[in-house]
Protein chains: 2
Amino acid sequence: MEHDTGELGSRDKVLLAAMTMFGEDPGARLSVRAVASRAGVSTGSLRYHFPTQRELQDEVLTRIYDLVVTDERIHDSTVPARDRLVGCLRQVLTRVGVGTQARDGMRKVVEEFVAPEPTEELHAAYLAIEREVRRRLEYWLTVLTNEGALPDGDNTRRARFLITVVNGLGLERALPAEDSILQSETDTLYTAVDCVLGP
Amino acid sequence: MEHDTGELGSRDKVLLAAMTMFGEDPGARLSVRAVASRAGVSTGSLRYHFPTQRELQDEVLTRIYDLVVTDERIHDSTVPARDRLVGCLRQVLTRVGVGTQARDGMRKVVEEFVAPEPTEELHAAYLAIEREVRRRLEYWLTVLTNEGALPDGDNTRRARFLITVVNGLGLERALPAEDSILQSETDTLYTAVDCVLGP
DNA sequence: ACCTGAACACCGTTCAAGT
DNA sequence: ACCTGAACACCGTTCAAGT
């Protein structure tokens with residue numbers, strides 16, 4: 001008959017604590033001790049479920065992005081425009097995934113579109129995907145423009161810029177990284193979005 | 001009549017030690033204790049001359065890159081700061097190449113660092129490279145900061161952002177693209193640089 | 001002015017010991 | 001199987017004390 005988090009396993013307690021902390025401050029450090037103590041769990045237990053700090057952060061990333069329902073988000077004007085746009089970009093990154101998924105994804109992209117001699121077909125196939133993503137991004141930017149949150153301007157260009165940033169982040173998810181990846185990804189997303197939204 | 005480093009002041013001893021260590025392994029950590037002990041100096045003394053670890057690393061960078069003449073570009077103050085920074089980023093992208101070279105390069109990166117299960121060695125190897133690039137970028141930013149072209153701020157964060165953009169552009173060079181890539185790359189570089197330099 | 005080294009408040013990871 | 005918490009080997013920074 002518990003009404004707190006007592007029924008949760010340690011793993012979930014840790015995850016809940018980490019996500020809460022991330023929610024409170026997306027730039028937070030999420031150190032072992034900070035998260036463990038917030039979760040009411042020992043550092044050893046945290047390590048048992050997440051053998052490395054990076055694994056914890058990856059899991060947090062996945063969960064966070066799963067929660068975000070996106071397209072609604074861009075219309076929710078109670079939230080600052082920059083947060084909404086960052087949320088949308090995060091949604092794009094969700095599909096990239098983390099860990100093995102991110103690495104497999106990048107491997108496939110390279111196998112399919114980079115390694116082979118670029119035929120007409122391949123070219124067209126990739127461009128179709130790329131255009132799809134850009135359209136989506138442009139749509140989000142349009143919403144913000146109509147709302148007055150984003151000055152009139154070349155939204156295609158802006159979208160291309162944001163896509164490049166997301167591509168860079170996606171690649172970095174597949175590559176080895178320091179374990180502060182969660183924090184620096186947030187930094188970069190906000191930097192890019194602020195850049196587009198202007199002063 | 002000393003023939004060792006005995007005549008050097010502590011500050012120089014520290015600098016010499018740090019630069020030697022950097023020379024031996026550009027991926028080295030250059031921690032307070034490691035450098036101080038190598039220099040035969042107390043941590044307190046090191047701190048006296050370099051109030052912060054960042055200041056030490058910046059000084060090392062400056063000395064190192066002042067030796068390497070390749071970066072004349074960043075020092076040429078007859079050119080606007082943004083153009084110089086974009087030039088430097090282009091220099092990084094030069095190594096990525098275009099066409100077949102870019103595709104081969106990306107394939108190799110993926111083969112080497114993405115596809116295999118990430119061992120400790122691989123991880124360290126990649127991080128060393130990454131850190132090297134970031135240091136270089138930070139150095140460029142420091143030059144602009146000292147010059148007054150760039151407000152004081154977190155240059156590490158700025159460097160990370162620019163690296164992500166360059167990573168994105170590199171990936172896009174390897175992928176199929178519309179033929180306006182040159183133009184959109186320039187757009188993106190300037191957007192990113194302006195974003196960093198501020199209004 | 002310059003230098004020392006201990007102390008502080010942190011890291012992430014490991015591990016013997018418990019249940 | 002899961003969890004504990006101490007211990008380890010590191011960080012960067014501060015500071016009273018010396019010369």
Side-chain angles (χ1 to χ4, degrees), chain A residues 2 4-18 21-22 25 27-61 98-99 176-184 187, chain B residues 2 4-18 21-22 25 27-61 117-124 126-128 130-131 134-135 138 154-157:
Chain A
E2 314 232 3
D4 58 4
T5 61
E7 305 137 14
L8 267 54
S10 283
R11 207 192 123 92
D12 288 322
K13 282 202 268 189
V14 166
L15 232 26
L16 185 62
M21 291 168 74
F22 182 86
D25 175 14
R29 258 311 235 113
L30 297 196
S31 77
V32 207
R33 285 165 187 78
V35 173
S37 122
R38 180 73 171 257
V41 148
S42 69
T43 67
S45 178
L46 189 153
R47 264 293 149 282
Y48 178 78
H49 294 291
F50 303 96
T52 190
Q53 207 58 9
R54 171 71 192 260
E55 281 172 69
L56 169 61
Q57 308 220 11
D58 278 355
E59 185 71 30
V60 171
L61 269 182
V98 290
E178 289 160 9
D179 41 33
S180 65
I181 188 174
L182 202 153
Q183 191 185 342
S184 75
D187 277 354
Chain B
E2 315 230 5
D4 58 4
T5 61
E7 305 136 13
L8 267 55
S10 284
R11 207 191 122 94
D12 288 323
K13 282 202 267 187
V14 166
L15 230 27
L16 184 64
M21 291 168 72
F22 182 86
D25 175 15
R29 265 301 239 121
L30 296 196
S31 76
V32 208
R33 285 163 187 79
V35 174
S37 122
R38 180 75 172 255
V41 148
S42 70
T43 67
S45 178
L46 190 153
R47 261 295 148 282
Y48 177 78
H49 293 291
F50 302 96
T52 190
Q53 205 59 8
R54 175 65 192 265
E55 280 173 68
L56 168 61
Q57 310 220 10
D58 279 353
E59 185 73 28
V60 171
L61 266 185
E117 200 59 30
T119 67
E120 189 56 43
E121 259 180 329
L122 268 177
H123 194 90
Y126 180 77
L127 252 57
E130 207 257 14
R131 211 176 304 133
R134 195 170 72 228
R135 273 192 186 155
E138 280 185 54
D154 188 343
N155 278 349
T156 302
R157 185 179 151 162

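Taking atom CG on A/L56 and atom P on C/dC11, their separation rounds to 13 Å, with Å as the unit. When rounded to the nearest whole Å, the span between CG of A/L8 and P of D/dC2 equals 15 Å. For A/Q57 and C/dC11, the CD to C1' distance is 13 Å, given to the nearest whole Å. The nearest whole Å value for the distance from the CD atom in B/Q53 to the C1' atom in C/dC11 is 15 Å. When rounded to the nearest whole Å, the span between CZ of A/F50 and P of D/dC2 equals 13 Å. When rounded to the nearest whole Å, the span between CG of B/L30 and C1' of D/dC11 equals 14 Å. In this entry the distance linking CZ of A/R33 with C1' of D/dC10 reads 11 Å, nearest Å. In this structure, the NE2 atom of B/H49 is 18 Å from the C1' atom of D/dG12, given to the nearest Å.
A donor and an acceptor atom never sit less than 3.5 Å apart when one is taken from the side chain of B/R47 and the other from the base of D/dG12.
Checking the phosphate oxygens (OP1, OP2) of D/dG5, no side-chain nitrogen or oxygen of A/S42 falls inside 4.0 Å. Of the side-chain N and O atoms in B/S45, one or more sit less than 4.0 angstrom from OP1 or OP2 of C/dT4. Under 4.0 angstrom from either OP1 or OP2 of D/dC11 there lies at least one side-chain N or O belonging to B/S31.
A distance of 6.0 Å separates CG of B/L46 from CD of B/Q53, quoted to the nearest 0.5 Å. One distance of note links CG of B/L30 with CG of B/L56; it measures 6.5 Å at 0.5 Å rounding. Between the CG atom in B/L16 and the CE atom in B/M21 there is a gap of 11.5 Å [rounded to 0.5 Å].
Residues B/T43 and B/R11 both approach DNA chain C. Their nearest nucleotides, taken by heavy-atom distance, put B/R11 toward the 5′ side.
Side chains of A/L15 and A/F50 form a contact here, defined as non-hydrogen atoms less than 4.5 Å apart.
In this structure, D/dC2 and C/dG18 make a Watson-Crick or G-U wobble pair, each of the two defining distances being under 3.5 angstrom. For D/dC8, the paired nucleotide is C/dG12, the pair qualifying as Watson-Crick or G-U wobble because both relevant distances are below 3.5 Å.
Here A/E59 pairs with A/R11 in a salt bridge; the nearest charged N to carboxylate O distance falls below 4.0 Å.
If you check C/dT13, C/dC11, D/dC2 against the side chain of A/Y48, the one that comes closest is D/dC2.
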